[in-house]
Amino acid sequence: MKTFYITTPIYYPSAKLHIGHAYCTTIADAIARYKRLDGYEVFFLTGSDEHGQKIQRTAQAQGKTPLEYVDPIVADFQELWRKFHISNDDFIRTSEPRHEKVVQEIFRRIQDNGDIYKGEYTGLYCTPCESYWTELQLDENGCCPDCHRPVEKVSEEAYFFRLSKYADKLLKHIDEHPEFIVPTSRRNEMINFIKQGLEDLCISRTSFDWGIPVPDDPRHVIYVWFDAVINYITPLIHKPDMQRFWPADIHLVGKEIVRFHTIIWPAMLMAANLSLPKQIYGHGWLVTDGDKMSKSKGNVVDPVLLVEEFGADAIRYFLLREITLGLDGNFSRDALIQRINADLANDLGNLLHRTLNMLGKFQKRILLAADDLTDLDKSFRAEALDTAAQYRRLMDNVQLSDAVKAVWKFVGRANKYIDETMPWKLAKDETQRQALANVLYNLTEALRIVAILISPFMPVTAQKIFNQLNVTAEFKLSDAETFGLLEANHEVGKPEQLFPRIEVEKS
Ligand code: ME8
């Protein structure tokens, strides 16, 4: 069986998740669901990144142990993913013993291969970002170039990973595998970064203890990023699943952490004699008025409230349609409501409602065999199949937004087909019975195909459409690539509203 492995980053349980995190997980979920639809056996992993000084400090400030502090936050993550219908196959917590074991094993392996050594580290450390920086990298105020908060000078005995040794090997790999880092802008950025030379990486700390102990030297805990990236193999290693799913097909990550995933992680894998992931996809940020959403800026959108108000499918639709993967995209409530009203309530909702309504009125909800098609009927059928083919091409190329748009173009076409064929007129003319049956059959088939194609984006809506069409089959991509699977005499259900229109108060 074809296999496919996709991951999201594991999120810090340091702040409430916002819609930006849900964006990343929704993309990964849509890809995972698409691959399952196409017959792949999929492994889809997400989780939480729980170690580090920042978590320890926050917990202490609240009079809690780190675990007491993170447990309810991680439970909230899991609840949020459930509400978003995220279909992850496993959820990794870096505080779990299964992960600790693997991290220590990889540490030992790299150490045995001679690429971890003990030395003295003096550096400028940004605690909120868990990152060390060099003088040169600091911003104009001498602060962290990412979050612009002050850095601390830290000096300690530490273990180092011989990252410098892997610069040329990494460049060669990137050169030989153009698909390794996507999009190209990120690829070029990483090539330039490596060409400036890589320094060995400090991978242990003694200044706090909330982390995974270095094997045989437990005064040190392993640097949180070294620990975190290993999550991608924790559930697989030493199991037959390792052969089946590793190397990962896609690590989907935000653009600011591409460096950790395309330089440090691959170098660690090389040092541990493991193969490299096939692709790292750096997606853009969800912004509000051009600014990245973050708690400190106070511009976060709470995904839980949003799901309660609009439902997961509408938000998933908006995120997948509005934002081109790889670029930043704007989130706005007004734009979301506009999409719900225009695309979901109007275009898709009406197509389903009109079709089932006419079937009820004119044919007692029974499909009749199509025969003697007009050119218009034939071209409509051809467009359905063209849409499915185009969708497959786009989805295979991870062009999710274009794939959504292709399906909606066809939904628009189907609504126009109703206006062109005017079934209500055909119904008044006894000699047009067959023509009417053809139009209603084609529309029902079109809806069956649309439901399959949207199932990775809007799983609940797709199922609702199948239920109303009274189709009990499993969702399969190949079924969307065949026109005419519904049999004559099939009885459809009654129309029910898919999406209510949202009334907007005029100010
Ligand atoms: O970086 N729009 O965790 P994290 C889009 N623990 N994506 C956003 C976003 C926004 N406004 N805000 C955050 C970490 N993200 C590490 C990862 S992986 C081994 C360790 C994305 O919780 C961000 O780009 O800070 C990143 O990919 C992800 O959320 C996790 O962020």
Side-chain angles (χ1 to χ4, degrees), residues 6-28 45-55 58 70 73-74 76-77 80-81 84 86 91-95 99 102-103 106 126-131 144 146-147 186 211-212 222-235 248 250-266 268-269 277 280-303 306 315 318-320 322-332:
I6 183 163
T7 67
T8 71
I10 47 173
Y11 302 98
Y12 289 129
S14 48
K16 238 174 128 54
L17 288 187
H18 54 70
I19 192 74
H21 299 110
Y23 169 58
C24 182
T25 313
T26 299
I27 300 165
L45 183 67
T46 186
S48 52
D49 186 1
E50 303 184 12
H51 291 129
Q53 188 166 21
K54 190 178 163 195
I55 302 276
T58 316
V70 296
I73 303 181
V74 173
D76 281 352
F77 284 13
L80 177 66
W81 301 147
F84 260 84
I86 301 299
F91 185 96
I92 188 98
R93 297 186 58 176
T94 56
S95 60
H99 180 64
V102 178
V103 171
I106 299 294
C126 173
T127 304
C129 296
E130 316 268 13
S131 287
C144 170
D146 267 359
C147 73
R186 302 277 156 244
I212 298 179
I222 296 173
Y223 172 44
V224 67
W225 269 101
F226 189 94
D227 154 356
V229 283
I230 291 174
N231 91 84
Y232 300 131
I233 56 170
T234 294
I250 304 185
H251 287 320
L252 185 69
V253 301
K255 60 183 179 181
E256 83 285 15
I257 57 172
V258 168
R259 188 164 57 96
F260 292 97
H261 286 84
T262 58
I263 299 177
I264 298 174
W265 174 226
M268 287 166 60
L269 288 165
I280 289 93
Y281 204 121
H283 67 74
W285 288 334
L286 210 54
V287 296
T288 35
D289 304 322
D291 213 359
K292 186 187 179 197
M293 249 174 238
S294 80
K295 203 180 171 195
S296 54
K297 289 179 193 142
N299 62 352
V300 296
V301 176
D302 185 335
L306 220 53
I315 301 161
F318 179 84
L319 295 175
L320 293 163
E322 286 285 295
I323 301 144
T324 304
L325 198 56
L327 303 180
D328 287 352
N330 204 48
F331 181 86
S332 98

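All ligand and atom numbering here is 1-based and tracks the order in the structure. These figures come from a predicted structure and were not determined experimentally.
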### Query
Counting from 1, what ligand 1 atoms have a heavy atom of Tyr11 closer than 4.0 Å?
22 (O), 28 (C), 29 (O), 30 (C)

### Query
Which is it for Leu45 and Thr234 under the side-chain contact (heavy atoms from CB on, under 4.5 Å) test, yes or no, and what are the steps along the way?
CA-CA 10 Å; Leu45 183 67; Thr234 294; over 6 Å; no

### Message
My understanding is that we take every heavy atom of each candidate and find the minimum distance to atom 17 (C) of ligand 1. Doing that for Ile10, Thr288, Thr7, which one comes out nearest?
### Response
Ile10

### Message
So for Phe260, does at least one of its heavy atoms come nearer than 4.0 angstrom to any atom of ligand 1?
### Response
no

### Query
Quick check: does Tyr23 get an N/O under 3.5 Å from an N/O on ligand 1?
no

### Query
Does some side-chain heavy atom of Phe331 sit less than 4.5 Å from a side-chain heavy atom of Leu306?
yes

### Query
N/O of Tyr12 under 3.5 Å from N/O of ligand 1, yes or no?
yes

### Task
Could you tell me whether the side chain of Phe84 reaches within less than 4.5 Å of the side chain of Thr25, counting heavy atoms only?
no

### Task
May I ask you to list the atoms of ligand 1 that are less than 4.0 angstrom from any heavy atom of His283?
5 (C), 7 (N)

### Task
Under 4.0 Å from a heavy atom of His261: give me the atoms of ligand 1 that qualify, with their elements.
18 (S), 19 (C)

### Query
In terms of atom number and element, which parts of ligand 1 are under 4.0 angstrom from non-hydrogen atoms of Ala228?
19 (C)

### Query
Hey, which atoms in ligand 1 end up nearer than 4.0 Å to a heavy atom of His21?
13 (C), 22 (O), 29 (O)

### Heavy atom of Tyr232, distance to ligand 1 below 4.0 Å
yes

### Task
Please check if the distance between the ring centroids of Phe77 and His21 is under 6.0 Å.
no

### Intermediate values then yes/no, side-chain contact (heavy atoms from CB on, under 4.5 Å), Asp76 and Leu17
CA-CA 9 Å; Asp76 281 352; Leu17 288 187; over 6 Å; no

### Task
Pull out every atom of ligand 1 sitting under 4.0 Å from any heavy atom of Asp49, numbered as shown with elements.
6 (N), 16 (C), 20 (C)

#### Entry: For His18, the ligand 1 atoms whose distance to one of its heavy atoms is below 4.0 Å
9 (C), 10 (C), 11 (N), 12 (N)

### Task
Would you name the heavy atoms of Tyr232 and Thr8 that are closest together and state the gap between them?
CE2-O, 3.5 Å

### Query
Would you say the side chain of Pro13 lies within less than 4.5 Å of the side chain of Ile55, judging by non-hydrogen atoms?
yes

### Query
Should Trp225 and Ile264 count as side-chain neighbours, where that means a heavy-atom distance under 4.5 Å?
no

